[in-house]
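Just so we're clear, the structure is a prediction, and the values are computed from it rather than from any experiment. Every number for a ligand or one of its atoms is a count from 1 in the order of the listing.
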Amino acid sequence: MSKDEKSYKAKNAWLEMEDEEREEVFKFNSEYKEFLEKNKTEREVTSRSIQMLKEEGFKNISEVDSLKAGDKIFAVNRGRQLIASVIGKKDLKDGLKIVAAHMDSPRIDLKPNPLYEEGGLAYFGTHYYGGIKKFQWVTIPLALRGVVIKEDGTKVKINIGEKEDDPVFYISDILPHLGKKQREKKMTEGINAQHLNLIVGSIPLKNDEENDEGNKIKDAVLEYLAEEYDIIGEDLVSSDLQIVPADGVKDIGFDRAILGGYGHDDRVCSYTGLKALLDINQPEYTAITLLVDKEEIGSMGTTGMQSRFFENFVAEMTAKYYKKYSDLDLRKILESSKSLSGDVNAAYDANFSEVFDKRNAAFVNKGITLTKYTGAHGKAGSSEASAEFVAEVRSLFNEAGVIWQAAELGKVDEGGGGTIAKFLANYNMDVIDAGPAVLSMHSPFELVGKIDVYHTYLAYLTFLEK
Ligand code: MN
Ligand code: MN
């Protein structure tokens, strides 16, 4: 393939693989598969990642007084934002190399007063999180995961729906026999937010004479929660409980080349970014993998990319590296930094070819996707990478044999999207979006090409190391 024939003419990456490397692709993905299957909330991704970092000798930055080349540190924010770093050979003021990805995925959360009873069933009322197609979340097995914080601060972990003999939860849909009116509705209205109520129980409490008929099942659920978790109804007010698909991660197709599961967006970049940092040899520049929360709802809040946490971490690094703190040093470091915003792009879908520009779409099996700009309707909201920086990244990838493609998200004016790239760009650092293409993005079961996962890892590794 000549270099001017990248993008839609690019070869299928499997054709460029030696057998040995194919094995490496499958091996890497089987580890990713386990990570994805076990970690379905940003808290879970964070705590597993901390474990992996500690196993490789990373220390909490609060435990070290000074920093020098080769030191490995991390910092955690509220259990849902994580920064890990390996100090580089070059001076900190030469800038950082950052891979940043988000750990949150679209899902369904509970309302503050979730529990009620109606029509002989107990339900949890919900509020969806991020851009979901609501009709995809009914009639599938759902798991309940997260934490409840009691008044005295005790943290109660809940994780139901994953073990073999666990029950699951469920949101019902109308039967086709009675679905005439539903069928005539727009897809966005056939299942709306008011329909997303989770079935959580149906056996009424015996000897519950104080209560009316209509609350006995609700009371039974409360009794179960009290017995099993020692929590009361009011404790649910202070909870981060998430409803996520209960299904496991599966290989797709006869050849097992695609991995299907919940949360590839954006745990695929979180995992590959973390693995790259863990596998790095002494990097030239100080390497950082930054994993954030809240991307799916605008990167707000204490744990989102717009939080000061990242900046505070770099300030602490600056102070511990130079043994004195200067705000100007911090600004210079940030300004000289370069970053990959690790996020997924939409994979070309032949079933819905009308929304893609085939010459500028990302394809499964064609490597990591470089997305120079995101946004919608004339690039609005995009930080767009400079031509100079794209050239630099392209050259790095080509030199390291990373298989990559260049794409944008869908046809112009068909829709659009954004990532955390623009918030990194606010520090006046170079940034470009780079991550694998995903089929059925934001669905309860997304697909990603295994070879793209592997080359995303290679791309991040080479970016962080060089
Ligand atoms: Mn994303
Ligand atoms: Mn997303």
- So among K40, E42, R43, which one has a side-chain hydrogen bond (donor to acceptor under 3.5 Å, both in side chains) with Q242? E42
- Message: Is the positively charged end of K379 above the ring of Y373, judged by distance under 6.0 angstrom from the centroid and angle within 45° of the axis?
- Response: yes
- Query: Do you see a donor-acceptor pair shorter than 3.5 Å between the side chains of S341 and D343?
  - Reply: no
- Regarding D279 and Y457, is there a side-chain donor-to-acceptor distance under 3.5 Å anywhere? yes
- Message: Short of 2.8 Å from the Mn ion (ligand 1), name each protein N/O/S atom, waters not counted.
- Response: H102 NE2, D265 OD1, D343 OD1, D343 OD2
- Message: Does the Lys NZ or Arg CZ of K450 fall within the cation-pi geometry relative to F28 - under 6.0 Å from the ring centre and within 45° of the axis?
- Response: no
- Assert yes or no for the condition that the ring centre distance of F74 to F58 is strictly below 6.0 Å. no
